[in-house]
Amino acid sequence: MLIATWNVNSVRTRLPQLKEWLEEVQPDLLCIQETKVADPFFPREELVENGYQVYFYGQKSYNGVALISRHPLRDVRYGMKAELPKDSKANDFEDQKRIISALVNGIRVVNIYVPNGSSLKSEKYTYKLEWLECLDRYLKAQKTRDEPLCILGDFNIALESRDIHNPERLTGGIMASSKEREALKKVLGERLQDVFRIFESESQHWSWWDYRSGGWERNRGWRIDHIYLCEELLQNAKSCEIHKKMRGNIQPSDHAPVVVDINWPPIEMDEFEEIDLFSQY
DNA sequence: ATGACGGGCCGAGCCCGA
C-alpha cells in the first residue's frame, strides 16, 4: 500500500504534474498541502475522471489540504475541531485550513500543513507553536479510538542537523529552532517514528528547495516533509522514498513528494508462500 | 544578503511562503 505526501504549492497550477505523477506512481492515497483554492473551485472532476476520490479542506490563496484516494475513505475529519469540538483554541485555528484526516484500510491518516512561522520574532512563530500544542491534543483525542496512525505532511521543521544543507548557519533559526523541535517531539512522543529514517540515515536527502537563491541548482535543501508511523505500521513498512525528480520539472512545486510503501493489511510469511505456490500452476 | 522565485489576487504591485 502506497501512501504519499506532497506540498504542491497550488493544486490548480500543479494539476498537470499531479495527474502525471498519479498515473506513474499509482499511490493508494496522496495527501497534498497548499492547495490554495476555496472548496467550490477545487479541480475535483479532473481527478475523479482518473479514478480518484477527492476530499478537500481549502480556502482562497493560502493553505488548504486534500486527500486523493483510489479507495473510498471512511470517517473523513476536517480541521482540528473534528477531534476537539470543545477546544476553543482548536476552533480559533479553523480559519486556516491545515488538517484533514480519514480512515483508509483501517489506518487513520492525518494530513497536515504546519504553519511556517516566518521568523522567531514573528507572531506567526507563536501561532506555529500553539498550533503544534493543539495538534498534540488532537492526536491524544484520536488515540482513544485505537486506530493505527500515520501522520504526514509539510511539517516546516527540520528535526536534526542531517535534515538541513547548512546546519551550522541554519540551526536555531526558523524551522530549526529548539522550541519548534521540542514541540514536534512532544507531538510524536513514544508513539510515532519518522519512517524515512528507518531506511536512510545519511544527510543530503531533501524534500524542499527554496525557489530563491538557486536552492535547487546548488542542492541546498531541507527535509521538512515527513511521514510518521505508529509501531504497528512501522513494522510493516517496506520503503520510504523522496521523489526528487519532481523538483527538476518545468514549473515545479518547491517540494518533492515523499512516498511510503507499507505491507498492509499485513500478509504473513506462510500466506506469501501459499500465494507463490498457486502462481506456479 | 530573508534579495534573488513563484503563486494568488478585483489586474499590478503586494502579501506570503520556508
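Chain A is the first sequence line, chain B the second, and so forth, proteins listed ahead of strands; every chain is numbered from 1.
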For this session: Identify which nucleotide among B/dG17, B/dC16, B/dC9 has an atom closest to any side-chain atom of A/Arg98, counting heavy atoms from C-beta outward.
Result: B/dG17
Problem set entry | Distance in angstrom units between A/Arg218 CZ and B/dG3 P, rounded | 16 Å
For this session: Measure from the side-chain heavy atoms of A/Lys60 and tell me the nearest of B/dA18, B/dC9, B/dG7.
Result: B/dC9
Exercise. When you compare B/dG13 with B/dT2, how far apart are their P atoms, in angstrom units rounded to a whole number?
Worked result: 26 Å
For this session: Take atom P in B/dA1 and the same atom in B/dA12, then report the distance between them in whole Å.
Result: 36 Å
Seminar exercise, completed: From the candidates B/dC16, B/dG17, B/dG8, the one with an atom nearest any side-chain atom of A/Tyr62 is B/dC16
Problem set entry | Centroid-centroid distance, A/Trp21 to A/His243, less than 6.0 Å | yes
Problem set entry | Under-4.0 Å salt bridge between A/Asp75 and A/Arg108 | yes
For this session: Specify the separation, in whole Å, of atom CE of A/Met175 and atom C1' of B/dG17.
Result: 10 Å
Exercise. Would you say a side-chain N or O of A/Tyr113 is under 4.0 Å from OP1 or OP2 of B/dA18?
Worked result: yes
Seminar exercise, completed: Closest of B/dT2, B/dA18, B/dG6 to the A/Arg169 side chain is B/dT2
Exercise. A/Arg14 CZ to B/dG17 C1': how many Å, rounded?
Worked result: 13 Å
Exercise. Is the distance from OP1 or OP2 of B/dG17 to the nearest side-chain N or O of A/Asn7 less than 4.0 Å?
Worked result: no
Seminar exercise, completed: Of A/Thr13 and A/Asn156, the one whose closest nucleotide on DNA chain B sits nearer the 5' end is A/Thr13
Exercise. Is any NZ, NE, NH1 or NH2 atom of the basic residue among A/Glu24 and A/Lys245 found under 4.0 Å from an Asp or Glu carboxylate oxygen of the other?
Worked result: yes
Problem set entry | Listed nucleotide nearest any side-chain atom of A/Ser118, set B/dG7, B/dA18, B/dC9 | B/dA18
For this session: Between A/Asn116 and A/Ser213, name the one whose nearest nucleotide on DNA chain B is closer to the 5' end.
Result: A/Ser213
For this session: Ignoring backbone atoms, establish whether A/Ser61 has a side-chain N or O less than 4.0 Å from OP1 or OP2 of B/dC9.
Result: yes
Exercise. Is the A/Phe196-A/His205 ring centre distance short of 6.0 angstrom?
Worked result: yes
Exercise. Which whole-number value in Å describes the distance from A/Ile112 CD1 to B/dA18 P?
Worked result: 13 Å
